Amino acid sequence: MSEGDLYGLIGEDGFQRLVAAFYRQVPRDEILGAMYPADDLEGAEQRLRDFLIFRFGGPSRYLEQRGHPRLRMRHFPFPITQGARDRWIQLMTAAIAEAGLPPEVAGTLGAFFDGTATFLINRE
Ligand code: HEM
C-alpha cells in the first residue's frame with residue numbers, strides 16, 4: 001500500500017476517529033496536557049486532522065489554511081524531549097487501536113508517526 005492510497009481507504013471518517021481518539025487523551029496527560037492549548041483543543045484537533053488528510057492523499061485544506069507544514073519549526077516552542085516523544089507515540093498508538101483502522105493502514109500510519117515524532121525531538 002502506498003501512502004497516497006491511505007485517504008482512499010479510510011476517508012474523512014477514519015482520520016476523524018483517529019484524531020478525536022488522540023485528543024480525547026491529551027487533557028489528562030501529565031506530560032502533553034499542559035503543552036496543548038486548553039481553550040482551543042478543537043482547533044488543534046482540526047489542524048492535525050487536516051494535515052494528515054493532506055499528507056495521505058486527501059484534500060489540501062491544511063495547505064490552504066496553514067501553508068507549508070514546516071513541522072520542526074512549528075514544534076520548536078514545545079519542549080519535545082525523548083520522553084514527550086514517546087508519550088505522544090503511546091497516545092497515538094492507543095488512538096490507532098481505538099479507531100479500528102485496517103491493519104495495513106495502522107502499520108503505515110504507525111511507521112510514519114514513529115519517524116516524524118523522532119524528527120521533532122528538539123530538547124535534551
Ligand atoms: C513528538 C511529540 C509531539 C508533541 C509533543 C507535539 C505537540 C504539538 C503541540 C503542542 C501542538 C500545538 C497544537 C495546536 O495546533 O494548537 C502541535 C501542533 C501540530 N502537530 Fe504536533 N506534536 C508532536 C508530534 C507530532 C507529529 C509526529 C506530527 C505529525 C504527524 C505532528 C503534527 C502536528 C501538526 C500538523 C500541528 C499543527 C501545526 C500548525 O498548523 O500550527 N505533531 N503539536
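Both counts, for ligands and for their atoms, begin at 1 and track the order of listing. Here the structure is a predicted model, which means the values were calculated and not measured.
- Where the criterion is an N or O separation shorter than 3.5 Å, residue side chain and backbone included, Thr116 fails it with respect to ligand 1.
- Note on Phe76 and Ile80: separate hydrophobic clusters, where clusters join Ile, Leu, Val, Met, Phe, Trp and Tyr whose side-chain heavy atoms are under 4.5 Å apart, directly or indirectly.
- Heavy atoms of Pro37 approach ligand 1 to within less than 4.0 angstrom.
- The aromatic ring centroids of Tyr36 and Tyr23 lie less than 6.0 Å from each other.
- Taking a cutoff of 4.0 Å between a charged side-chain nitrogen and a carboxylate oxygen, Arg24 and Asp29 do not qualify as a salt bridge.
- Taking only nitrogen or oxygen atoms, main chain and side chain alike, Arg47 reaches within less than 3.5 Å of ligand 1.
- Inter-residue side-chain proximity for Arg55 and Glu3 is flagged as met; some heavy-atom pair is nearer than 4.5 Å.
- Protein heavy atom at the shortest distance from atom 41 (O) of ligand 1 is Arg66 NH2, 2.7 Å.
- Phe78 CE1, 3.5 Å is the protein heavy atom nearest to atom 11 (C) of ligand 1.
- Aromatic pair Phe54/Tyr7: centroids not less than 6.0 angstrom apart.
- In terms of protein heavy-atom proximity, atom 4 (C) of ligand 1 is nearest to Trp88 CD1, 3.4 Å.
- Here Glu98 does not pair with Arg17 in a salt bridge; the nearest charged N to carboxylate O distance is not below 4.0 Å.
- Counting heavy atoms only, His75 comes closest to atom 19 (C) of ligand 1 of the residues Gln65, His75, Arg74.
- Note on Arg61 versus Glu12: salt bridge recorded, some NZ/NE/NH1/NH2 to OD/OE distance being below 4.0 Å.
- Taking a cut-off of under 4.0 Å to the non-hydrogen atoms of Phe112, the atoms of ligand 1 that pass are 30 (C).
- Not close to ligand 1: Phe119, with no non-hydrogen atom less than 4.0 angstrom away.
- The closest protein non-hydrogen atom to atom 34 (C) of ligand 1 is Leu71 CD2, 3.9 Å.
- Counted within 6.0 Å of CD on Gln65, heavy atoms from surrounding residues, nucleotides or ligands total more than 12; the atom is thus considered enclosed.
- Looking at Leu32 against ligand 1, only its side chain comes within 4.0 Å, counting heavy atoms.
- When each atom of ligand 1 is checked for a heavy atom of Ile80 under 4.0 Å away, the hits are 1 (C), 2 (C), 3 (C), 4 (C), 5 (C).
- Looking at Phe119, Trp88, Phe51 one by one, the single match for ring-ring contact (aromatic ring centres under 6.0 Å, His included) with Phe113 turns out to be Trp88.
- Annotation: the span from Glu124 atom CD to Gln82 atom CD amounts to 11.0 Å, rounded to 0.5 Å.
- Protein heavy atom at the shortest distance from atom 40 (O) of ligand 1 is Tyr62 OH, 2.6 Å.
- Atoms of ligand 1 found under 4.0 Å from any heavy atom of Leu120, numbered from 1 in the order shown, are 24 (C), 25 (C), 26 (C), 42 (N).
- Taking only non-hydrogen atoms, the option from Phe113, Tyr36, Phe51 nearest to atom 7 (C) of ligand 1 is Tyr36.
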